[in-house]
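First up is the structure itself, then whatever we jot down about it.
If you're wondering where the values come from, they're calculated on a predicted model, not measured in any experiment.
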Amino acid sequence: MAARGSAKGKGKKGARGSEDRSAVKSLKEWTTWTMKKAKVITHYGFIPLIIIIGMNSEPKPQLSQLLSPV
């Protein structure tokens, strides 16, 4: 009889373990999704950010001065 009781206990722990695994899996999926979005935002937002920061500095340069390599 004791073997049955311990088998039931293992089943309950296994069910909780699967809940933990699904939580970990969803966390990994969310993290991956967030990092992909952050990569795209960084990729397309870096140059405009530099231009905006440059235009708000003193002395105020013109846009052509910011974009020229000289």
Side-chain angles (χ1 to χ4, degrees):
M1 290 279 174
R4 280 189 169 180
S6 64
K8 286 182 181 178
K10 288 182 182 178
K12 289 180 182 177
K13 288 182 182 178
R16 185 170 184 172
S18 66
E19 289 176 6
D20 292 340
R21 280 186 235 125
S22 66
V24 170
K25 184 178 179 183
S26 65
L27 178 65
K28 286 182 181 180
E29 289 175 0
W30 183 83
T31 304
T32 303
W33 179 84
T34 304
M35 293 306 290
K36 285 181 180 179
K37 296 298 179 187
K39 182 180 176 182
V40 170
I41 290 169
T42 303
H43 181 80
Y44 289 108
F46 184 73
I47 298 299
L49 177 67
I50 298 301
I51 292 172
I52 290 170
I53 290 172
M55 291 186 80
N56 290 329
S57 65
E58 290 292 331
K60 296 208 179 279
Q62 295 177 357
L63 183 61
S64 61
Q65 291 174 328
L66 284 174
L67 297 177
S68 69
V70 178

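- Here Y44 sits in one hydrophobic cluster together with V40; the rule is ILVMFWY side chains under 4.5 Å apart, joined directly or through other members.
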Return a table of donor-acceptor pairs under 3.5 angstrom between the side chains of residues 51-63 and protein atoms on other chains or two or more places apart.
| unit_1 | atom_1 | unit_2 | atom_2 | d |
| --- | --- | --- | --- | --- |
| N56 | ND2 | I52 | O | 3.2 |
| S57 | OG | G54 | O | 2.8 |

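- Neither M35 nor L27 shares a network with the other; the hydrophobic side chains, linked directly or stepwise wherever heavy atoms of I, L, V, M, F, W or Y lie under 4.5 Å apart, form separate groups for each.
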